[in-house]
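Order of the sequence lines fixes the chain letters, A, B, ..., with proteins taken first and strands second; residue numbering starts at 1 for each chain.
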Number of protein chains: 4
Amino acid sequence: MDLKLNPSSSVPIYAQVVSQVRALVASRALRAGDQLPSIRDLAASLRINRNTAAKAYEALESDGVIEMRQGHGCYVTGRGVTPWSKEERLRRLERAIDQALVEAYHLGVPFEEIPGLVRRRLERFKKEESA
Amino acid sequence: MDLKLNPSSSVPIYAQVVSQVRALVASRALRAGDQLPSIRDLAASLRINRNTAAKAYEALESDGVIEMRQGHGCYVTGRGVTPWSKEERLRRLERAIDQALVEAYHLGVPFEEIPGLVRRRLERFKKEESA
Amino acid sequence: MDLKLNPSSSVPIYAQVVSQVRALVASRALRAGDQLPSIRDLAASLRINRNTAAKAYEALESDGVIEMRQGHGCYVTGRGVTPWSKEERLRRLERAIDQALVEAYHLGVPFEEIPGLVRRRLERFKKEESA
Amino acid sequence: MDLKLNPSSSVPIYAQVVSQVRALVASRALRAGDQLPSIRDLAASLRINRNTAAKAYEALESDGVIEMRQGHGCYVTGRGVTPWSKEERLRRLERAIDQALVEAYHLGVPFEEIPGLVRRRLERFKKEESA
DNA sequence: GTGGTCTAGACCACG
DNA sequence: GTGGTCTAGACCACG
C-alpha cells in the first residue's frame with residue numbers, strides 16, 4: 001500500500017492517510033476482506049508516528065471502511081452498511097458534486113466540458129476495478 | 001449576503017465563509033463587480049470575530065475571487081483570473097470529481113447514477129445563473 | 001452452547017464469552033450442576049484461541065459462576081456464592097441500574113417508560129426460567 | 001465538575017471521564033448549553049495528560065453529548081438528536097436493562113426486588129433534575 | 001505480534 | 001486562550 005504523504009500540506013497527515021485509503025477502496029485496489037498493514041508497519045513505512053497511523057485507522061474504522069480486530073490486524077470492510085438514510089446519502093453526494101461544479105466555475109472550465117470529464121473519470125475507476 | 005454557518009462543524013468558520021462565497025459566485029448569485037459587505041459589516045451580520053471575516057476575505061482575494069480596494073470596499077472579480085496553467089486547472093478539477101466518485105462509492109450510490117445526477121446539478125446551476 | 005461472538009467488537013472476545021455465559025445462567029438456560037464444554041472443545045466450536053477460552057473460564061470461576069474440577073470438567077455452580085457483603089451487592093446492582101437509566105436518557109427514552117420496560121424484560125427472564 | 005478517577009481500574013481513564021460526564025448530563029447536573037472546563041483545565045484538575053482529556057471529549061462529541069467549538073470551548077449539546085432508529089434505541093436500552101437483571105441474578109438479589117429498586121433510582125434521578 | 005492507553009512536550013490553527 | 005496535530009517512548013491487554 002503505497003501512500004504519498006505531503007508533510008507540508010495543511011491537510012493533517014492522518015487525514016491524508018484516510019482519504020487515500022478511501023480512494024484505494026473505492027477504486028477496488030483494496031477489496032473487502034483484504035488485510036491492511038498493521039499500525040506499526042504502516043507507521044514504519046510512511047515514517048510517521050504509531051499514534052498518527054492509529055488515528056487514521058480509527059477514523060477509517062468509525063467511517064465503516066475498515067475493521068480492526070483484537071490481536072489480528074485491520075481488514076477492509078464489506079461495502080456500504082452506512083447508517084444513513086437514502087436521502088442523507090443523496091444529500092452528501094450532491095454536496096460533493098456541487099463542490100466539483102464550483103471548482104470548475106472558478107477554474108474557468110466551461111460547464112459543457114463537465115459531463116465528458118465525469119465520464120472519463122468514471123471509466124478510469126471501472127477499469128481499475130476490473131483489473 | 002446570508003451565509004449559514006455551523007459553529008460546531010470541524011470546518012473552520014473562515015473556511016465556511018470562503019466556500020459559501022465561492023458557491024454564490026459560481027451559481028451567479030454574486031456577479032463580477034458586485035460589492036460585498038465590508039469586513040466589519042460581515043463580522044457584525046454573521047456575529048463572528050472580525051479577524052475571522054478578514055481571514056476569509058484574504059483567502060478569497062488570494063484565490064482571485066474578490067478584490068479589495070483600499071477605502072472603496074470589496075468587489076467580486078471577473079472570472080478566470082486563476083493563476084494556474086491549463087494542465088494544473090484540469091488536474092484540480094479531476095481531483096474534485098474523483099472525490100465525488102469516491103464519496104459515491106462509500107455511500108453505496110451506483111456509478112451508473114452519477115452522470116444523471118451531475119446533469120441535474122448542472123441544470124440547477126444554470127437555472128440560478130439565468131435567474 | 002452457542003454463543004454469538006463479534007470479532008470486530010471493541011469488547012474483547014473472552015469478555016463476550018463471560019457475559020454471554022453469565023446471561024445464560026441468569027436466564028436459567030444453564031443451571032447449577034450443568035456441565036460446560038471443556039476449554040479445548042469450547043475453543044474448537046467457537047473457533048477461538050484456546051488461551052482466550054481459558055481466560056474466559058478463569059474469569060467465570062473467580063466470579064463464582066462456574067467451577068473447574070481437575071480432570072472432571074467445568075460445572076455451573078449454585079447461586080449466591082458471591083463473595084460480597086449485602087451492602088456491596090446492592091451498590092453493584094444500583095450501579096447497573098443507573099447505567100441503564102443514563103442510557104435511557106441519552107437515547108431519548110422517557111423515564112416514564114422505564115418501569116414498564118423493566119417489567120417486560122423481567123417477564124421474559126422468568127418465562128425462559130420456567131421453560 | 002468533580003470527577004472521581006480510579007487510575008488502577010481496568011476501565012481506561014478517558015472512558016471513566018466519558019461515563020461520568022454522561023451520568024452528569026443524564027442527571028441534569030449538566031444541562032444543554034452549559035460550558036465544560038477546557039481540555040487544558042480538565043487535564044490539570046484531574047492531573048491527567050491533555051491528550052487523555054482530549055480523547056474523552058472527542059468521544060463525548062462523537063456520541064453527540066457535547067460540542068467543541070473552535071477557539072471557544074466545549075458545551076453540552078441539546079438532548080437526543082441520536083442518529084438511531086426507534087427500534088435500535090429500544091434494543092440498546094433493553095440490552096442495558098438485561099445487563100442489570102443478569103447482575104441482579106448473580107448477586108443473589110431476588111427479581112421481586114428489582115421494580116422497587118428501579119423506582120427508587122428513578123426518583124433519585126428526578127430529584128436531582130428538579131434541584 | 002497486534003492494537004489500546006497514557007504521558008510529556010512541542011508547535012500550529014482558530015477566533 | 002482554545003482545540004488540533006504530531007512525535008517519542010513506555011507499558012499493557014489480547015489472542
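Residues B/Val18 and B/Leu60 approach most closely at O-CD2, 3.8 Å, considering heavy atoms.
Taking OH from D/Tyr57 and CE from D/Met68, the interatomic distance works out to 7.5 Å, rounded to the nearest 0.5 Å. If you take CZ on A/Arg47 and CG on A/Leu5, they are separated by 10.5 Å, rounding to the nearest 0.5 Å.
Counting non-hydrogen atoms under 4.0 angstrom, A/Ile48 reaches the backbone sugars and phosphates but no base. If you check every strand for non-hydrogen atoms under 4.0 Å, D/Arg50 touches a base.
Computed from coordinates, the A/Gln70 CD to F/dA13 P distance equals 13 Å when rounded to whole Å. Rounded to whole angstrom, the span from the CG atom of A/Leu5 across to the P atom of F/dC6 amounts to 10 Å. Between the CZ atom of A/Arg47 and the P atom of F/dA8 there is a distance of 12 Å, rounded to whole Å. As rounded to whole Å, 13 Å separates atom C1' of E/dC6 from atom CG of A/Asn49. Here the C1' atom of nucleotide E/dG4 and the CD atom of A/Glu58 are 8 Å apart, to the nearest Å. In this structure, the CG atom of A/Asn6 is 15 Å from the C1' atom of F/dT5, given to the nearest Å. We find that CD1 of C/Ile13 is positioned 15 Å from P of E/dG3, with the value rounded to whole Å. The CD atom of D/Glu67 sits 14 Å away from the C1' atom of F/dG3 (whole-angstrom rounding).
In this model, a side-chain donor or acceptor of A/Asn51 finds a partner on the base of F/dG9 within 3.5 Å.
A sub-4.0 Å separation between OP1 or OP2 of F/dT5 and a side-chain N or O of A/Lys55 is present. Close to F/dG15, at under 4.0 Å from its OP1 or OP2, lies no side-chain N or O of C/Tyr14.
Nearest-nucleotide assignment on DNA chain F puts the 5′-proximal partner with D/Gly71, out of A/Gly71 and D/Gly71. Residue whose closest nucleotide on DNA chain E sits further toward the 5' end, between D/Thr52 and D/Arg40: D/Thr52.
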Stepwise side-chain contact (heavy atoms from CB on, under 4.5 Å) check, D/Glu103 with C/Arg22: CA-CA 8 Å; D/Glu103 195 68 16; C/Arg22 284 173 66 90; 3.3 Å; yes

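Of the nucleotides present, F/dG1 is the one that pairs with E/dC14 by Watson-Crick or G-U wobble criteria, both distances under 3.5 Å.
Between B/Glu88 and B/Arg91 a salt bridge is recorded (basic side-chain N to carboxylate O distance below 4.0 Å).
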